[in-house]
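Below is one structure, written out as structure tokens; the observations come after it.
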Amino acid sequence: MLKRRSNFFTRVYKIVEKIPRGKVATYGQVAALVGSRDARKVGWALHANTSTKIPCHRVVNKEGMVAENFAFDGWREQKARLVSEGVKFISEKQVDLAIHRLQVL
DNA sequence: AGAGTGACTCATA
DNA sequence: CTATGAGCCACTC
């Protein structure tokens, strides 16, 4: 048995790091991949670390909306990063999930 | 052990 | 559209 504790964090990071450039994943998707059902913990785990090594900007909510409380510098930074990777926005805070939604790993 | 919190999601009104 | 309630589960105190 692996130790749990903040193992959840590691799982989330593992998944998020897997997200290819130009793609985005939803909290619910990541939650499912880490073996949980709670999307909240995913966002919580991301915000709890804010590690620049993790493309947390590629994680958005179910509608592609970026987070209001994004850890780096608000949703503007998140959007800037995504646009920089070629992700299209259909609104100021909304990503075009129809194109960039992450497929099943 | 219990209460509070949270970058979510869904249902209802 | 907004607001509220519930579900969810790990973390902190």
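First the proteins, then the strands, lettered A, B, ... as listed; each starts at 1.
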Practice problem: Check the distance between B:dA7's P and A:Lys93's NZ and give it to me in whole angstrom. | Solution: 14 Å
Quiz prompt | Distance, P atom - from C:dC8 to B:dT12, rounded to whole angstrom | solution = 16 Å
Exercise. Could you check which of B:dT9, C:dC11, B:dG6 has an atom nearest any side-chain atom of A:Lys41?
Key: B:dG6
Quiz item: If you check the A:Thr26 side chain, which of C:dC11, C:dC9, B:dT9 turns out closest?
Solution: B:dT9
Quiz item: Of all the nucleotides listed (C:dC9, C:dC11, B:dA7), which has the minimum atom distance to the side chain of A:Cys56?
Solution: B:dA7
Quiz item: Are any side-chain N or O atoms of A:His100 and backbone N or O atoms of A:Lys88, one a donor and one an acceptor, separated by less than 3.5 Å?
Solution: yes
Quiz item: What residues form a ring-ring contact (aromatic ring centres under 6.0 Å, His included) with A:Phe70, not counting sequence neighbours?
Solution: A:Phe72
Exercise. Rounded off to whole Å, could you give me the CG-to-P distance for the A:Leu46 and B:dT5 pair?
Key: 22 Å
Quiz prompt | Connected hydrophobic set around A:Leu82, excluding itself, where side chains approach under 4.5 Å | solution = A:Val24, A:Val60, A:Val66, A:Trp75, A:Val83, A:Val87, A:Phe89, A:Val95, A:Leu97
Exercise. Report yes if at least one side-chain N or O of A:Arg37 is closer than 4.0 Å to OP1 or OP2 of C:dC9; otherwise report no.
Key: yes
Exercise. Find which nucleotide of DNA chain C each of A:Ala39 and A:Met65 is nearest to by heavy atoms, and output the residue with the more 5' nucleotide.
Key: A:Met65
Quiz item: Between A:Glu85 and A:Arg81, is there a salt bridge with N-O shorter than 4.0 Å?
Solution: no
Quiz item: Are any non-hydrogen side-chain atoms of A:Ile19 and A:Val16 less than 4.5 angstrom apart?
Solution: yes
Quiz item: Rounded to whole angstrom units, what separation is found between the CD atom of A:Glu77 and the P atom of B:dA7?
Solution: 18 Å
Exercise. Verify the contact: side-chain N or O of A:Lys62 to OP1 or OP2 of B:dC10, cut-off strictly under 4.0 Å; return yes or no.
Key: yes
Practice problem: Can you tell me the distance, in whole Å, between the CG atom of A:Asp38 and the P atom of B:dC10? | Solution: 12 Å
Self-check item: Rounded distance in Å - CZ (A:Phe9) to P (C:dC9)
Solution: 16 Å
Quiz item: Atom CD1 of A:Ile19 to atom P of B:dA7: distance rounded to whole Å?
Solution: 18 Å
Quiz item: From B:dA7, B:dT9, C:dA10, pick the nucleotide closest to the side chain of A:Ala67?
Solution: B:dA7
Quiz item: Expressed in angstrom and rounded to an integer, what is the separation of A:Trp44 atom CH2 from B:dG4 atom P?
Solution: 19 Å
Practice problem: Please report, rounded to the nearest Å, how far the C1' atom of B:dC10 is from the CD atom of A:Glu63. | Solution: 11 Å
